[in-house]
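Shown next, in structure tokens, is the structure this report addresses.
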Amino acid sequence: MSKRNTNCSIKSHFIRTAIEEDKATGLTPHIVMRFPPEPNGYLHIGHAKSICLNFGLSKNYGGKCYLRLDDTNPTGENITYVEAIKANIKWLGFEWDNEPRYTSDYFGKLYAFAEQLIEKGLAFVCELTPAQMRDYRGSLTAAGSNSPWRDRSSAENLTLFREMKSGQHAEGRYVLRAKIDMASPNMNMRDPVMYRILHQNHYRTGDEWCIYPTYDFSHSLCDALDGVTHSLCSLEFEDHRPLYDWFVQHVHTAHNPRQIEFARLHLSHTVLSKRKLKKLVASGKVCDWSDPRMPTLEGMKRRGYPPVAIRRFCDAIGVAKTDSIVDLALLEHEVRSELNKSAPRVMAVLDPIRLVITNYPPEQEEELSMPKYPNECNSNERRSFTFTHDLYIERSDFHRDPPAKYKRLAVGRWVRLRGGYTVHCDDYTTDDDGRVREVHCHYDPHSLGVKPDGYKVHGVIHWVAKHTAWSAEVRLYEPLFLEEDADFLSEPTLNPHSMRILSDCQLDPSLKEAQGSFQFERLGYFCADSGLSSGGKKIFHRIVALQARTK
RNA sequence: UGGGGCGUCGCCAAGUGGCAAGGCACUGGGUUUUGAUCUCAGUAUUCGUAGGUUCGAAUCCUACCGCCCCAGCCA
């Protein structure tokens with residue numbers, strides 16, 4: 001009997017194992033987790049992994065999950081990011097318990113904890129300059145040495161720390177440090193900074209504070225204050241764990257959170273760090289954080305990625321401690337898989353040429369129809385479209401010298417107009433520059449809905465009646481970077497074709513008022529941009545192309 | 001050369017001493033009015049390497065090799 005969990009939606013992994021152990025021993029009967037973004041940038045799919053883990057696991061174990069904005073550094077943090085973060089989490093499909101929390105709400109308590117540590121002789125005010133501090137810290141192989149200010153009396157430390165708080169000192173003049181061990185092989189334990197002076201306005205606390213706690217000090221203690229049982233973070237914090245535990249151990253709190261680290265997400269052909277994404281925006285390589293090419297949640301939303309696809313993706317990639325790069329194809333697979341079920345079908349021609357049916361009366365037209373959701377057995381809704389003698393077809397669906405295995409139109413061949421009749425190509429006309437302008441065909445009036453007898457049909461192509469079609473702009477996207485491991489390169493190569501704009505596409509009339517996502521048959525999934533328009537034209541984004549297998 | 005981690009199929013990833021799950025990608029067959037979907041089948045004699053323990057090792061031991069992180073008053 002295998003121990004493997006056969007329920008495919010619940011995958012076993014080391015974090016689950018840890019939580020289950022802690023529940024089994026009675027250590028943490030009620031699970032509490034948190035998602036702790038810093039409001040100094042937008043959320044991306046790497047955050048989505050963390051969101052799915054924290055909210056997903058806590059829900060799964062009947063626990064709670066809080067949203068805590070980790071705003072300990074006023075530089076770059078602001079309310080716009082807070083609002084975007086909240087909206088993105090909701091969009092992804094998660095809800096946090098109670099009101100959002102802010103590390104800045106705990107500034108008073110954290111300050112009291114700091115005084116507590118000073119009184120216990122476990123923290124001191126240091127006046128080494130940053131450069132001196134670096135020297136005193138030692139190196140990876142050499143122990144550091146004690147700061148000359150390390151042995152001040154508690155009373156003096158308290159006085160100075162209160163002066164720091166009351167704004168009597170300039171930035172950089174003093175710093176509060178934990179008194180741990182300058183000879184520790186773990187650099188994080190070499191008397192780390194707990195508070196620094198920053199005469200900056202904080203977007204929430206205004207000018208109330210001019211000293212701000214550092215990540216290590218505030219994060220562990222806020223977790224403890226919130227009663228967090230399992231505090232997930234990424235691998236680079238692994239050797240901060242002793243420090244995390246040190247603060248919790250030496251300050252009086254009611255809870256003992258456990259920090260567990262996992263590998264952050266890397267996606268092929270893109271970058272997933274705030275710093276690099278910021279650079280892309282600042283340099284104008286993309287329009288903004290919501291550019292459909294961006295791996296931000298804003299970007300993916302605009303691009304038309306269904307949130308459920310992102311959740312399934314996060315589920316599929318698993319959780320481990322191995323540095324890895326996940327293939328973008330897996331994300332695209334989840335997007336297609338969802339859209340295949342939910343996106344209504346419609347025909348649209350991106351690069352139009354005319355197809356004239358010579359034996360179809362010019363004044364005649366008829367209404368044809370096809371299933372709207374062919375792969376959704378619960379729906380038999382249909383969509384209708386107009387057939388006439390004058391149509392648009394895709395330029396790439398006609399070839400003067402058809403290559404081998406070409407399953408489309410060429411002179412002397414029959415092809416099915418999707419949802420309509422079969423047509424036989426008789427000839428074509430060209431422009432002055434030699435480009436094909438019009439394809440001339442005759443149709444088989446008995447071929448509607450039946451397999452024609454006596455001749456071979458070379459494939460099915462999409463089309464739209466010229467007089468019902470309307471012109472719109474369609475944007476095609478490709479990955480932002482050429483290299484698979486772009487996230488690990490200092491100067492990855494921007495993909496020159498990351499966006500291609502097609503300005504005169506001919507679409508089915510039903511798309512005029514379109515909202516949401518569609519499958520443009522044989523092409524891919526597309527969505528209408530709610531706001532953008534270009535020269536009065538509506539804009540559609542290609543979410544993802546159809547899987548293209550050429551057998 | 002200090003400390004902390006990690007190495008299982010092209011990409012992820014289960015596996016915790018009993019004879020290598022699964023997904024993506026790929027390849028071949030079938031269905032199909034989307035070269036889509038769906039469907040069937042195939043794809044690691046081997047788990048970084050080398051030794052050892054054991055009836056039996058990806059799992060235990062030893063040594064080695066490779067990769068990532070840490071010397072911010074960032075998170």
Q: Hey, which sits more toward the 5' end of RNA chain B by its nearest nucleotide, A:F520 or A:H13?
A: A:H13

**Q.** Candidate pair A:E236 and A:R264, rule salt bridge (charged side-chain N to carboxylate O under 4.0 Å, His left out), full reasoning
**A.** CA-CA 9 Å; A:E236 66 266 34; A:R264 61 176 342 133; 2.5 Å; yes

(Q) Could you identify the nucleotide paired to B:U34, looking across every strand shown and requiring Watson-Crick or G-U wobble geometry with both distances under 3.5 Å? (A) none

Q. Just checking A:E334: base, sugar-phosphate only, or nothing, at a heavy-atom cut-off of under 4.0 Å?
A. nothing

Name each donor-acceptor pair under 3.5 Å that joins a side chain in residues 316-334 of chain A to protein atoms two or more places apart or in another chain, with its distance.
from, atom 1, to, atom 2, distance (Å)
A:K321, NZ, A:E238, OE2, 2.3
A:D327, OD1, A:A329, N, 3.0

Q) Ring centroid separation for A:W246 and A:H240, is it under 6.0 angstrom? A) no

Q: Searching all strands shown, indicate the nucleotide that pairs with B:A21 (Watson-Crick or G-U wobble; both distances under 3.5 Å).
A: none

Q: Could you state the atom-to-atom distance from CZ of A:R408 to P of B:A36 in whole Å?
A: 12 Å

Q: Heavy atoms under 4.0 Å is the rule here; annotate nucleotides 38-44 of chain B 5' to 3' with B where the base is hit, S where only the sugar-phosphate is, and - elsewhere.
A: -------

Q.
Any base atoms under 4.0 Å from A:A320, or only sugar-phosphate, or nothing? Heavy atoms, all strands.
A. sugar-phosphate

Q: Look at all strands and tell whether A:V319 reaches a base, only sugar-phosphate, or nothing, counting heavy atoms closer than 4.0 Å.
A: sugar-phosphate

Q | Under 3.5 Å on both distances, the Watson-Crick or G-U partner of B:C9 | A | none

Q: Just call it for A:G459: base, sugar-phosphate, or nothing, with non-hydrogen atoms closer than 4.0 Å on any strand.
A: nothing

**Q.** Within 45° cone of A:W209 ring axis and under 6.0 Å: A:K165 NZ or CZ
**A.** yes

Q: Determine whether any donor atom in the side chain of A:Q519 lies under 3.5 Å from an acceptor atom in the base of B:U34, or the reverse, and answer yes or no.
A: yes

Q: Using a 4.0 Å cut-off on protein heavy atoms (strictly under), produce a 5'-to-3' string for nucleotides 67-75 of chain B with B for base contact, S for backbone-only sugar-phosphate contact, and - for none.
A: -SBBBSBSB

Q: Would you mind classifying the nucleic acid contact of A:G420 as base, sugar-phosphate or nothing, using non-hydrogen atoms under 4.0 angstrom?
A: base

Q. Taking atom types as they are modelled, is there a donor-acceptor pair under 3.5 Å from the base of B:G35 to the side chain of A:R522?
A. no

Q | Pair assignment for B:U1, Watson-Crick or G-U wobble, requiring both distances under 3.5 Å | A | none

Q: Select base, sugar-phosphate, or nothing to describe what A:R345 touches, counting heavy atoms under 4.0 Å on all strands.
A: base

Q.
Tell me whether the rings of A:Y421 and A:F387 are parallel (<30°), tilted (30 to 60°) or perpendicular (>60°).
A. tilted

Q: Can you tell me the pairing partner of B:A41 across any strand shown, Watson-Crick or G-U wobble, with both distances under 3.5 angstrom?
A: B:U27

Q: Looking at every strand, decide which applies to A:R177 at a 4.0 Å heavy-atom threshold: base, sugar-phosphate, or nothing.
A: nothing

Q: To the nearest Å, give me how far apart CZ (A:R312) and P (B:G22) are.
A: 21 Å

Q: Please step through side chain to side chain donor-acceptor pair (under 3.5 Å) for the pair A:T214 and A:D216, ending with a clear verdict.
A: CA-CA 6 Å; A:T214 54; A:D216 288 305; 5.5 Å; no

Q: Indicate yes or no: does A:D508 engage A:R383 in a salt bridge with an N to O separation below 4.0 Å.
A: no

Q | Where A:C527 and A:S517 come nearest, the two heavy atoms and their spacing | A | CB-OG, 3.7 Å

Q: Looking at every strand, decide which applies to A:K407 at a 4.0 Å heavy-atom threshold: base, sugar-phosphate, or nothing.
A: base

(Q) Need the pair for B:U49. Rule: Watson-Crick or G-U wobble, both distances under 3.5 Å, any strand; none if unpaired. (A) B:A63

Q. Are A:I118 and A:L176 side-chain neighbours, meaning at least one heavy-atom pair lies under 4.5 Å?
A. yes

